[in-house]
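Comments concern the structure below.
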Amino acid sequence: MSAMNFKTFLVIVTCLLFLNREILCLLNRKDPNVCEIYASGGDDFSEAYTVECCVNYYEEDDICKPCRPGKFGRQCSETCVHGYFGIQCKNECNCTQYEGCDPVEGCKCIDFTGKNCKYRCPEGYHGKNCANVCHCLRGISCDSVSGSCLCPAGLTGPTCSTKCSEGLYGENCSFNCSCPTNSVCDSVSGYCSCRPGFTGETCSKRCSNDFYGQNCSQRCQCVNGLLCHPVHGACRCQTVPTIATNQIIVAEVL
């Protein structure tokens with residue numbers, strides 16, 4: 001059995017005719033735009049009818065009026081199908097590649113402006129005929145159709161004001177980082193760099209005694225046997241066990 005599509009309509013019941021007994025109608029039955037429609041029978045299975053506005057008309061103030069441009073169907077409840085526009089959707093669009101078919105007015109510029117839509121929207125504007133202003137921060141461009149801010153790599157949010165969360169990078173922060181332990185992911189490129197104090201292809205090696213900092217690239221300035229902190233390069237004494245208590249004594253030299 002094939003599937004059936006059902007649609008819901010707002011039907012204004014204006015009068016009913018049961019057998020030969022007439023009830024007062026709000027609509028003028030002699031109006032050519034008023035149609036008599038079979039409704040259903042009552043409990044006694046008598047025939048019943050109602051009158052309502054004909055297809056492509058709608059009721060307003062007890063008068064059947066033609067559908068406004070862009071609408072059609074029973075009670076004017078349907079919007080023109082794509083490619084058609086105007087009164088009762090009888091007009092067919094013949095748009096260029098830079099235009100969209102508006103159900104009311106027909107072909108209109110989407111992200112272009114000017115005669116024949118040959119000019120792209122200027123920076124900071126979007127939408128039909130480029131009439132809408134973008135609301136992006138820091139001069140960031142917006143989509144010429146939707147107006148959505150085109151966040152550069154490393155930023156996200158409606159106005160591109162939020163930096164990527166840790167572990168994410170790229171445009172709109174839409175990519176996951178895949179960096180090893182002891183490393184940091186660049187929010188723009190996704191490039192992995194070792195945290196200060198670590199080096200090596202997988203950032204698993206600690207800096208040697210004479211170096212510290214990012215990728216162990218800074219040479220220590222410690223003298224007299226002091227140890228160099230692998231992260232910030234501060235000099236510190238070596239740990240020395242005492243003879244009496246075998247405790248560890250550590251002194252920091254700033």
Side-chain angles (χ1 to χ4, degrees), residues 2-17 22-40 47-136 140-151 158-159 172:
S2 61
M4 297 181 64
N5 295 323
F6 295 93
K7 295 183 178 179
T8 302
F9 298 95
L10 174 63
V11 178
I12 301 176
V13 178
T14 55
C15 68
L16 289 173
L17 301 178
E22 181 175 338
I23 300 176
L24 178 64
C25 294
L26 298 178
L27 294 176
N28 183 2
R29 295 175 57 199
K30 295 182 179 180
D31 186 336
N33 301 320
V34 173
C35 292
E36 194 173 83
I37 300 175
Y38 177 78
S40 64
E47 290 186 339
Y49 294 84
T50 183
V51 294
E52 66 177 44
C53 295
C54 298
V55 174
N56 294 329
Y57 287 84
Y58 70 101
E59 188 271 335
E60 184 177 88
D61 298 328
D62 301 333
I63 299 174
C64 290
K65 298 181 180 181
C67 294
R68 296 184 177 92
K71 293 290 186 179
F72 77 104
R74 190 177 181 185
Q75 298 294 332
C76 301
S77 60
E78 303 285 343
T79 301
C80 295
V81 296
H82 181 70
Y84 290 85
F85 73 99
I87 297 176
Q88 296 184 10
C89 305
K90 291 182 178 180
N91 301 313
E92 186 174 1
C93 289
N94 186 22
C95 305
T96 67
Q97 59 179 325
Y98 309 116
E99 298 173 308
C101 182
D102 183 88
V104 177
E105 302 180 38
C107 297
K108 298 186 70 174
C109 298
I110 300 178
D111 55 344
F112 288 78
T113 187
K115 187 177 180 180
N116 298 322
C117 305
K118 63 180 180 181
Y119 300 110
R120 185 174 288 278
C121 287
E123 192 71 25
Y125 293 87
H126 71 95
K128 293 181 179 179
N129 293 312
C130 308
N132 303 313
V133 179
C134 298
H135 297 285
C136 306
I140 294 172
S141 300
C142 76
D143 185 277
S144 58
V145 178
S146 66
S148 299
C149 297
L150 303 175
C151 298
T159 58
N172 275 318

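Quick note: numbers below take in every heavy atom, side chains included, and nothing from hydrogens, waters or symmetry partners.
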Near Ile87 CD1, under 6.0 Å, is it more than 12 heavy atoms from other residues, nucleotides or ligands?
no

How about Lys65: does its NZ atom have over 12 heavy atoms from other parts shown lying under 6.0 Å from it?
yes

Shortest non-hydrogen contact between [X] and [Y], atoms and distance:
{"X": "Phe85", "Y": "Cys93", "result": "CD2-SG, 3.4 Å"}
{"X": "Cys54", "Y": "Pro32", "result": "SG-O, 3.9 Å"}
{"X": "Cys89", "Y": "Phe72", "result": "SG-CD2, 3.6 Å"}
{"X": "Arg74", "Y": "Val55", "result": "N-CG1, 4.2 Å"}
{"X": "Arg68", "Y": "Glu60", "result": "NH2-OE2, 3.7 Å"}
{"X": "Thr159", "Y": "His135", "result": "CG2-O, 3.4 Å"}

Side chain to side chain contact (heavy atoms under 4.5 Å, CB included) for Tyr125 and Val133? Distances and angles first, verdict last.
CA-CA 5 Å; Tyr125 293 87; Val133 179; 3.7 Å; yes

Looking only at the SG atoms, are [X] and [Y] under 2.5 Å from each other?
{"X": "Cys107", "Y": "Cys101", "result": "no"}
{"X": "Cys53", "Y": "Cys35", "result": "no"}
{"X": "Cys149", "Y": "Cys136", "result": "yes"}

Between Lys71 and Thr79, does the side chain to side chain contact (heavy atoms under 4.5 Å, CB included) criterion hold? Intermediate values first, please.
CA-CA 5 Å; Lys71 293 290 186 179; Thr79 301; 3.0 Å; yes

Contacts of Tyr57 meeting side chain to side chain donor-acceptor pair (under 3.5 Å) (sequence neighbours excluded), chain-then-number -> Asn33

Roughly how far apart are Glu92 CD and Tyr84 OH, rounded to 0.5 Å?
4.0 Å

In a check of side-chain contact (heavy atoms from CB on, under 4.5 Å) between Asn56 and each of Cys67, Pro66, Cys64, which one passes?
Cys67

